[in-house]
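Could you have a look at this structure, given as structure tokens, before my questions?
All chains are named by letter (A, B, ...) in the order of the sequence lines, taking the proteins before the strands, and each is independently numbered beginning at 1. Since the model is a prediction, treat every value here as computed from it, not as a measurement.
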Protein chains: 2
Amino acid sequence: MYAQTSIQIELPSVFPRQAPTASPEGSVAHPVSFFSPGSEIYAQGEKAKAVYQVEFGAVRIYRLLADGRRQISAFHFAGETFGFEGDITHHFFAEAINSTGVRVFRVGSGTDLSHHLLPLALKGLTRAQEHLLVLGRQNAIERVAAFLLDMAERQGDLRQIDLPMSRIDIGDYLGLTIETVSRVFSRLKEKGVIRLHSLRRIEVLKRDALRAMGE
Amino acid sequence: MYAQTSIQIELPSVFPRQAPTASPEGSVAHPVSFFSPGSEIYAQGEKAKAVYQVEFGAVRIYRLLADGRRQISAFHFAGETFGFEGDITHHFFAEAINSTGVRVFRVGSGTDLSHHLLPLALKGLTRAQEHLLVLGRQNAIERVAAFLLDMAERQGDLRQIDLPMSRIDIGDYLGLTIETVSRVFSRLKEKGVIRLHSLRRIEVLKRDALRAMGE
DNA sequence: CGGATCCTTGATGACCGTCAACGTGTGTGG
DNA sequence: CCACACACGTTGACGGTCATCAAGGATCCG
């Protein structure tokens, strides 16, 4: 699709939707790598040798079945940290969704990050387990509602949500097909719950209705 | 259902199906609590103040929706550690499935367990994310196959698997109803893939067939 | 402006949930 | 030791939800 580009550049944080968490090692300078849309940050089976903090853009973490079915287990946006799924070897793929800048913190070799990583791992664990409830026990409307609420919350609970990812990504995150995602969006529009300014920019008109659906 | 019983007794490990992991604090003696079937170990909303190691028996971790739908996110058996879902406050319930002994390691108050907890949290994270793939992208047969393979692996890959949990628990773990679980078991019997010695004791006759299904 | 990708909408059917009835296993008390 | 009762599990009939297949429309890029 896209060739992987991993240029080492120093960039300021452009879209800090969320205050970046404190740098694991404080004042030490760490390189920012730039990834073009669709390019791979790491692959399943690779040795995990760093953790990554999103400076701008968005990242998807996913796994594949042999026949190509894909499950996105998490999205990560500006300020969020990822890269510790799997102790030694990555069990997942990480890809840039858009043009994305990622700050790299090399792990191992003396420095001890476990104090910083534990809370991040626990947060990831909680998120994953909450997502299990969505995939295991909620229907299509409830899944989309939960997704929109989560996106809204992570963007500061504004009325406007922008979705950096495609419908395919949303479907593969929610365990649905893109057609079902699209139909649910249409139904939510009909009901006056949301409004689409563009394909990837959504306004939430009735937050309570969403909450009632997403539980 | 059952009254909660939490008697502080010292018990030897009875069913060490798996070698217990090293005690987080080595030589210090820690109490073993006994829980009767169905009794609560901790509840959603409680402050997390300990981690727990299963001595014998089995534990289910789950979450509920308002209308009672339940999603079991994990089972834990002898030798396994749980209790760190949620940083400060538990976001989940933990219940004993059978008569279960649990060794309690209190957290906080000086002692620093983060070095011990991080690998456990990462393992839990990986398991949860793998389970996301099952719930999001696999059909009923594939889910049950994956479940049986996981159970077999955690019991040392013997031909005989014993399931400490009910069909309801299996259904709530796999995002299926008990009827569907039952039907899949029957189909696997018809195909000669498994054999039921009793309701909760299963013999795997064709491991390869299971692998082909569970991916 | 043109082409490709992404998204939407419709028709159809498969899979699995629901409801219901029956079978099986387990524990208790007579 | 047997009888009974209750929880658990199985099987069948049916319907709803969502996947699949297909076509057309919107959007974005050069």
Side-chain angles (χ1 to χ4, degrees), chain A residues 1-3 36-38 58 60 65 67-71 97-99 134-147 162-191 194-202 213, chain B residues 1-2 36-38 60 65 67-71 97-99 134-147 162-191 194-202 213:
Chain A
M1 190 175 276
Y2 291 89
S36 58
R60 60 180 167 245
L65 287 173
D67 59 5
R69 282 176 288 178
R70 184 179 72 157
Q71 178 63 44
I97 294 176
N98 296 319
S99 295
V134 173
L135 294 190
R137 287 303 178 205
Q138 307 215 129
N139 63 28
I141 295 191
E142 293 170 328
R143 292 185 200 197
V144 172
F147 170 72
D162 69 326
L163 306 176
M165 72 290 286
S166 68
R167 298 289 189 273
I168 296 185
D169 284 340
I170 297 174
D172 284 351
Y173 178 66
L174 296 178
L176 302 170
T177 60
I178 69 176
E179 292 95 331
T180 298
V181 171
S182 184
R183 274 185 256 267
V184 171
F185 274 35
S186 296
R187 289 201 55 195
L188 292 176
K189 277 193 293 183
E190 287 170 20
K191 292 188 174 184
I194 62 172
R195 199 156 68 93
L196 266 64
H197 290 254
S198 76
L199 280 176
R200 304 208 173 171
R201 184 150 203 80
I202 292 183
M213 296 168 176
Chain B
M1 191 174 276
Y2 291 90
S36 58
R60 59 178 167 246
L65 287 173
D67 60 5
R69 281 175 288 178
R70 183 178 71 156
Q71 178 64 44
I97 294 175
N98 296 318
S99 295
V134 174
L135 294 189
R137 287 302 177 204
Q138 307 216 126
N139 63 27
I141 295 193
E142 293 170 328
R143 293 185 200 198
V144 172
F147 170 71
D162 70 325
L163 307 175
M165 72 292 285
S166 69
R167 297 289 190 271
I168 296 184
D169 284 340
I170 297 175
D172 283 352
Y173 178 67
L174 296 179
L176 301 170
T177 61
I178 70 175
E179 293 95 330
T180 298
V181 172
S182 186
R183 272 185 258 268
V184 171
F185 275 36
S186 297
R187 288 201 56 194
L188 292 176
K189 277 193 292 183
E190 287 171 20
K191 292 188 175 185
I194 62 172
R195 199 155 69 95
L196 266 65
H197 290 254
S198 77
L199 280 176
R200 304 208 172 171
R201 184 150 204 79
I202 291 182
M213 295 168 176

Exercise. Want to settle it: does A:Arg137 or A:Leu196 sit nearer the 5' end of DNA chain C, counting the closest nucleotide to each?
Worked result: A:Leu196
Problem set entry | Nearest-Å distance for atom pair CZ/P, residues A:Arg167 and D:dA26 | 15 Å
Problem set entry | Separation of D:dC8 P from B:Ile97 CD1 (nearest whole Å) | 13 Å
Problem set entry | Side-chain donor or acceptor of B:Arg167 paired with backbone N/O of B:Leu199 under 3.5 Å | yes
For this session: Would you check if B:Met213 and B:Val144 make a side-chain contact, meaning some heavy-atom pair closer than 4.5 Å?
Result: no
Exercise. Are any of the side-chain heavy atoms of B:Arg187 and B:Val184 separated by less than 4.5 Å?
Worked result: no
Problem set entry | First encountered from the 5' end of DNA chain D, between A:Asn139 and A:Ser198 | A:Asn139
Seminar exercise, completed: Looking only at heavy atoms, the pair that brings B:Leu176 and A:Arg137 closest together is O-NH2, 2.9 Å
Problem set entry | Distance, rounded to the nearest Å, where A:Arg143 contributes CZ and D:dC18 contributes P | 7 Å
Seminar exercise, completed: Per side-chain contact (heavy atoms from CB on, under 4.5 Å), B:Arg201 is matched among B:Leu163, B:Asp162, B:Leu196 by B:Asp162
Output one line per pair: protein atom, nucleotide atom from nucleotides 22-25 of chain C, and distance, for all N/O pairs under 3.5 Å.
none

Problem set entry | Minimum heavy-atom distance between B:Gln138 and B:Arg143, given as atom pair plus value | O-NE, 2.7 Å
Exercise. Mind checking whether A:Asp172 and A:Gln71 have side chains closer than 4.5 Å, heavy atoms only?
Worked result: no
Exercise. Looking across every strand, which nucleic acid part, if any, lies under 4.0 Å from A:Arg200 by heavy atom: base, sugar-phosphate, or nothing?
Worked result: sugar-phosphate
For this session: Find the distance A:Leu163:CG to C:dC6:P and express it as a whole number of Å.
Result: 16 Å
Problem set entry | A:Ile168 CD1 - D:dA19 P separation (whole Å) | 14 Å
Problem set entry | Length of the line joining A:Ile194:CD1 and C:dT8:P, which is rounded to integer Å | 9 Å
Exercise. Once you round it to whole Å, what is the distance between P of D:dG16 and CD1 of A:Ile141?
Worked result: 16 Å
Exercise. So, B:Arg183 side chain and B:Ile178 main chain: donor-acceptor pair closer than 3.5 Å or not?
Worked result: no
Seminar exercise, completed: Note: B:Ile202 and B:Phe185 closest approach over all heavy atoms is CD1-CE2, 3.5 Å
Exercise. Just how far, in rounded Å, is C1' of C:dT8 from CD1 of A:Ile202?
Worked result: 14 Å
Exercise. Going by heavy atoms closer than 4.0 Å, what residues in residues 171-183 of chain B are next to DNA chain D?
Worked result: B:Glu179, B:Ser182, B:Arg183
